[in-house]
Trainee: 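Have a look at this one.
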Amino acid sequence: MASTTFDYVVVGAGSAGMVVSTRLAENADTTVCVLEAGEDLTTQPNYLIPGLSAAGLQGPTDADWKFYTKPQENAKGRSIWTPRGKVVGGCGTTNIVALGKGHAEEYDAWEALGAKGWNWKNLVPYFKKSETFTITEEESAETGMKFNEEFHGSSGPIHRTLPKWKSNATVPVEKGWEALGVSKSANGYDGDSLGFYSLQLSVDPTTAMRSSSATAYYTPNKDKENLKLLTGAHAARIVFEDRDGELVATGVEYYKDGELQTIKANKEVIIATGSYKTPQLLELSGIGEKKLLEEHNVPVLVDLPGVGNNLQDHYTAPMVVEIDEQYDSLDSLLDPAQAGLEFMLYQEKKQGKLTTNGAAQYAFMSNHTYFSEGASEKAFSTADSIIEGTANTTLKKQADFLKSEKIPDLEFAQFAAFLPTGDGVPAPGKHYTSFLLAILHPYSRGSIHITSADALALPELDLRLYEHELDLDMLVEGIKFGRRLLETDAMKAAVKAEVVPGPEVKTDEEIKEFIRLRGQTVYHPIATASMLPREDGGVVDADLKVYGTKNVRVVDASVIPIHFSAHPHSTIYAVAERAADIIKAAA
Ligand SMILES: Cc1cc2nc3c(=O)[nH]c(=O)nc-3n(C[C@H](O)[C@H](O)[C@H](O)COP(=O)(O)OP(=O)(O)OC[C@H]3O[C@@H](n4cnc5c(N)ncnc54)[C@H](O)[C@@H]3O)c2cc1C
């Protein structure tokens, strides 16, 4: 590397980091350096073939940070592995390629909570800017979805497509949902996330390969003189200077090949290390709760108690059913002969099971639809008692979401395979379909903080899973809805047996015990550096600038203050696109 001084130093070449870096480097006079702790594995087939994306859920690889939660008191003391990509493209290289969008009112809530200018209307242009949406006439006829230029992009880097393969087991599930009052929607990505609809995927329609910030933003720009990516570079600390009472970042210290080095920033340092690592970097740099920093002998530069708190995720429970042999599933790939045929089909024609992640459709429902009779009123009053006296404004906002009939609070996704749940494995020759239920606005708030000043040690992750019983109650209602689904005529004819949780799990208390044992996250952490007013626990302002600093911003999932009813990747791209414009305008 010839130069060690750049206009912008971006830390983290993940989903958001690569968007903001390449957009800033559009100006040939602007120099950008990106520090990434992981390596560049962008061209490896296991990260490109959508059908292999779920393989990354089996256990940590070298491209993973290997985060395990602190033992979770209300989840049987489990220490839960929560994957995070340590690789160019970040989690966007290792994730399972679903591209969702939440409800317009959920984005409007960011502004209502104090993040001026962050609302659905202002994000739509950036959703569009980040994507090229392709839908065929056949897909349009089948799903009702259309290319609508009000909401969809036609020239952005990330490809958005519909699954090219789907199991015929989606048919009885759709009929079952309809019988239970869930409606098919053609507008699930247009600001109204309620209903059931097809997944959309970040998959290139021509190559049938993953489209990510690594493949779509970085690769086409990698030879630019003014954009440098340093891999294997683990940031340890932001370097600050006091200039006339202002805290100015002048660069970043990082480890590469075991040596501590410094890179200088003329203009800004942009932190994009994701919801788990961003709080650590801030705390190591002296920005965080005073008492915690002092405990670990980190000199306090900004007393900012919000850092690492307000952690939100989507929490799940699984269901697996054995279905009739007429219904197809990805489990056939366990047979080497079948897998070989599918590989040929994929390579030669870009068709078949390997073009997708196995999930073809999901339902997003409000409790008004999926709760048993009377359960909503009980949940409202529990939510009211949780928010009574809390200073957390995001909790208050989500209590409003719960009462709204428009905003979903449960995702019910169908996977054409036996999902790895910890309970059994697919029996050879049998066919399965699984459901992943996820609560979208959990009440429990987690945290992630340093436990030492060692930059190479992982911070302590505490999800505080099921700290509020209401989260468990909602998942129990989800499983009970799932069982009502299995009792619909269409599903009765298709399903042979419920395998997970299984018939022995009957009462609400037994279902709760099952969830405590098997519940998980869907790896959608946000809000650990929330864009909120400082007095409300905020870490960054509406320009994504860290409070108390002159020129440090955070651009990643950690700034999103409140969770929403979608897989978050698309929203993170939109946030990063908008951030790039904010930074350019301030230059
Ligand atoms: C297994 C899995 C499946 C998922 N599936 C989906 C899905 O299907 N759809 C969806 O919408 N979302 C999904 N997600 C979530 C989604 O991918 C993430 O929310 C999103 O990618 C986060 O983007 P980010 O920019 O905030 O962070 P990241 O993409 O995690 O980027 C952070 C980057 O910073 C680097 N970094 C961290 N610390 C340092 C340091 N100290 N120095 C240098 N570099 C550092 C990391 O290595 C990483 O490259 C999934 C996530 C996982 C893990």
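Atoms within a ligand are numbered from 1 in the order they appear, just like the ligands themselves.
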Trainee: Under 4.0 Å, heavy atoms only, figure out whether ligand 1 is touched by the backbone of Gln280, its side chain, both or neither.
Mentor: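 The answer is neither.
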Trainee: Give a yes or no answer on whether the side chain of Thr161 reaches the backbone of Val203 with a donor-acceptor pair at less than 3.5 Å.
Mentor: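 Indeed, once roles are kept as given, a pair shorter than 3.5 Å links the two residues.
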Trainee: Using the side-chain hydrogen bond (donor to acceptor under 3.5 Å, both in side chains) rule, take Asp64 and Trp81 through it: C-alpha gap first, then chi angles, then the decisive distance, then the call.
Mentor: CA-CA 10 Å; Asp64 182 69; Trp81 171 55; 3.0 Å; yes
Trainee: When only distance counts, is Ile96 in polar contact with ligand 1, meaning an N/O pair under 3.5 Å?
Mentor: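 In this structure, Ile96 places an N or O atom under 3.5 Å from an N or O of ligand 1.
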Trainee: Is it true that, when you exclude Lys70 itself, more than 12 heavy atoms of the residues, nucleotides or ligands shown sit nearer than 6.0 Å to its NZ?
Mentor: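 No, the 6.0 Å shell around NZ holds no more than 12 heavy atoms from other groups.
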Trainee: Of all the non-hydrogen atoms in the protein, which one sits nearest to atom 35 (C) of ligand 1, and at what distance?
Mentor: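 Result for atom 35 (C) of ligand 1: Glu36 OE1, 3.2 Å.
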Trainee: With side chain to side chain contact (heavy atoms under 4.5 Å, CB included) as the test, would you mind laying out the steps for Leu458 and Tyr68 before giving the verdict?
Mentor: CA-CA 9 Å; Leu458 287 180; Tyr68 288 83; over 6 Å; no
Trainee: Consider ring-ring contact (aromatic ring centres under 6.0 Å, His included). Of His441, His563, His567, which one does His314 pass it with?
Mentor: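 Result: among His441, His563, His567, His563 is the only option passing the ring-ring contact (aromatic ring centres under 6.0 Å, His included) with His314.
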Trainee: Once you restrict to heavy atoms under 4.0 Å, what part of Tyr254 touches ligand 1? Side chain, backbone, both or neither.
Mentor: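 Under 4.0 Å from ligand 1, Tyr254 contributes no heavy atoms.
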Trainee: Show which atoms of ligand 1 fall inside a sub-4.0 Å distance from at least one heavy-atom site of Leu35.
Mentor: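 This gives 43 (C), 44 (N) as the contact atoms.
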Trainee: Looking at Glu268 and Lys545, does any basic side-chain N land under 4.0 Å from a carboxylate oxygen?
Mentor: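 Salt bridge between Glu268 and Lys545, a charged N being under 4.0 Å from a carboxylate O: no.
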Trainee: Is the ring centre of His234 less than 6.0 Å from the ring centre of Tyr255?
Mentor: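 Judged by ring-centre distance (under 6.0 Å), His234 and Tyr255 do not meet the cut-off.
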Trainee: Using a strict cut-off of 4.0 Å, indicate which atoms of ligand 1 neighbour a heavy atom of Ala557.
Mentor: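 Counting atoms of ligand 1 from 1, those under 4.0 Å from Ala557 are 26 (O).
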Trainee: Among side-chain atoms of Ser444 and Asp471, is any donor-acceptor pair under 3.5 angstrom?
Mentor: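 Yes, side-chain donor-acceptor contact under 3.5 Å.
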Trainee: What's the shortest distance from atom 6 (C) of ligand 1 to any protein heavy atom, and which residue and atom give it?
Mentor: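 Here the closest protein heavy atom is Asn95 CB, 3.5 Å.
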Trainee: Output yes when the distance from some N or O of ligand 1 to some N or O of Ser558 is under 3.5 Å, and no in every other case.
Mentor: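 No: no nitrogen or oxygen of Ser558 is under 3.5 Å from one in ligand 1.
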Trainee: Using a plain distance cutoff, I'd like to know if Thr94 has any nitrogen or oxygen under 3.5 Å from a nitrogen or oxygen of ligand 1.
Mentor: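 No, no N or O pair falls under 3.5 Å.
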Trainee: So which protein heavy atom does atom 39 (C) of ligand 1 come closest to, and at what separation?
Mentor: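 Checking every protein heavy atom, the shortest distance to atom 39 (C) of ligand 1 gives Thr273 CG2, 3.4 Å.
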Trainee: Start with the C-alpha distance between Asn310 and Ile562, add both sets of side-chain angles, then the distance that settles side chain to side chain contact (heavy atoms under 4.5 Å, CB included), and finish with yes or no.
Mentor: CA-CA 9 Å; Asn310 200 30; Ile562 184 166; over 6 Å; no
Trainee: Can you tell me which residue and heavy atom of the protein come closest to atom 19 (O) of ligand 1, and the distance to 0.1 Å?
Mentor: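 Answer, as residue, atom name and distance: Ile572 CD1, 3.3 Å.
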Trainee: Output the distance between atom CG (Leu461) and atom OG1 (Thr521), rounded to the nearest 0.5 Å.
Mentor: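 Interatomic distance, Leu461 CG to Thr521 OG1, rounded to 0.5 Å: 9.0 Å.
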Trainee: Hey, is NZ on Lys264 packed in by over 12 heavy atoms from elsewhere, all under 6.0 Å?
Mentor: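 Open: at most 12 neighbouring heavy atoms sit under 6.0 Å from NZ of Lys264.
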Trainee: Please identify which atoms of ligand 1 are closer than 4.0 Å to at least one heavy atom of Pro568.
Mentor: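 Numbered from 1, ligand 1 contributes 10 (C), 11 (O), 12 (N), 19 (O).
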Trainee: Return the residue, atom name and 0.1 Å-rounded distance of the protein heavy atom closest to atom 11 (O) of ligand 1.
Mentor: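 It is His569 N, 2.7 Å.
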Trainee: Please could you name the atoms of ligand 1 that Arg84 approaches to less than 4.0 Å, counting only its heavy atoms?
Mentor: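 Near Arg84, the atoms of ligand 1 are 51 (C), 53 (C).
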Trainee: Test Tyr276 against every option in Phe67, Trp65, Tyr523 by the ring-ring contact (aromatic ring centres under 6.0 Å, His included) rule and name the one that passes.
Mentor: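 When ring-ring contact (aromatic ring centres under 6.0 Å, His included) is applied between Tyr276 and each of Phe67, Trp65, Tyr523, only Phe67 qualifies.
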Trainee: Given the side-chain rings of Phe435 and Phe412, with only the six-membered ring counted for Trp, is the space between their centroids under 6.0 Å?
Mentor: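 For Phe435 and Phe412, the ring centres are under 6.0 Å apart.
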Trainee: Any atoms of ligand 1 less than 4.0 Å from a non-hydrogen atom of His524? List them with their elements.
Mentor: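 What qualifies from ligand 1 is 12 (N), 13 (C), 14 (N), 15 (C).
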Trainee: Ring centroid separation for Tyr197 and Tyr362, is it under 6.0 angstrom?
Mentor: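 Ring-ring flag for Tyr197/Tyr362: true, centres closer than 6.0 Å.
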Trainee: Is it true that the side chains of Thr571 and Tyr107 contain a donor and an acceptor less than 3.5 Å apart?
Mentor: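 Yes, Tyr107 and Thr571 have a side-chain donor paired with an acceptor closer than 3.5 Å.
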Trainee: Can you tell me which residue and heavy atom of the protein come closest to atom 44 (N) of ligand 1, and the distance to 0.1 Å?
Mentor: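 Answer, as residue, atom name and distance: Ala37 N, 3.1 Å.
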Trainee: Where's the contact between Ala233 and ligand 1, heavy-atom distance under 4.0 Å: side chain, backbone, both or neither?
Mentor: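 Only the backbone of Ala233 comes within reach of ligand 1.
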Trainee: Would you mind finding which of Pro83, Ala566, Ala13, Ala63 brings a heavy atom closest to atom 53 (C) of ligand 1?
Mentor: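 The residue whose heavy atom sits nearest atom 53 (C) of ligand 1 is Pro83.
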Trainee: Where is the tightest heavy-atom contact between Tyr573 and Ser15, given as atom of each residue plus distance?
Mentor: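 Distance-wise, the nearest heavy atoms are CE2-O, 3.7 Å.
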Trainee: What atoms of ligand 1 come closer than 4.0 angstrom to any heavy atom of Tyr523?
Mentor: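 Those atoms are 1 (C), 2 (C), 14 (N), 15 (C), 50 (C), 51 (C), 52 (C), 53 (C).
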Trainee: Does ligand 1 have any atom that is closer than 4.0 Å to a heavy atom of Gly92?
Mentor: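 A heavy atom of Gly92 does come that close to ligand 1.
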Trainee: So is Tyr276 touching ligand 1 or not, going by heavy atoms under 4.0 Å?
Mentor: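 No, that is not the case, since the closest heavy atom of the residue is not under 4.0 Å from the ligand.
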Trainee: What residue and heavy atom of the protein are closest to atom 9 (N) of ligand 1, and at what distance?
Mentor: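 So the nearest neighbour among protein heavy atoms is Ala98 O, 2.8 Å.
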Trainee: Quick one: does ligand 1 sit under 4.0 Å from the side chain of Leu99, the backbone, both or neither, non-hydrogen atoms only?
Mentor: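 For Leu99, there is no contact with ligand 1 at all, from either part.
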Trainee: Between Cys91, Gly14, Ser202, Ala235, flag the one that comes closest to atom 30 (O) of ligand 1 by a heavy atom.
Mentor: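 Closest candidate by heavy-atom distance is Cys91.
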Trainee: Considering only heavy atoms, which of Gly85, Gly12, Ala16, Gly274 lies nearest to atom 48 (C) of ligand 1?
Mentor: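 It is Gly85 that holds the nearest heavy atom.
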Trainee: Could you walk me through whether Ser570 and Arg160 pass the side-chain hydrogen bond (donor to acceptor under 3.5 Å, both in side chains) check?
Mentor: CA-CA 9 Å; Ser570 188; Arg160 177 186 282 277; 2.7 Å; yes
Trainee: Could you tell me, atom by atom, which parts of ligand 1 come under 4.0 Å of a heavy atom of Val87?
Mentor: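 That gives atoms 47 (O), 49 (O) of ligand 1.
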Trainee: Nearest to atom 1 (C) of ligand 1, what protein heavy atom do you find, and at what distance?
Mentor: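 Of the protein heavy atoms, Leu57 CD2, 3.5 Å lies nearest.
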Trainee: Side chain or backbone of His567 under 4.0 Å from ligand 1, or both, or neither, by non-hydrogen atoms?
Mentor: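 Both backbone and side chain.
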Trainee: Give the contacting part of Ala236 toward ligand 1: side chain, backbone, both or neither, where contact means a heavy-atom distance below 4.0 Å.
Mentor: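 For Ala236, no heavy atom sits under 4.0 Å from ligand 1.
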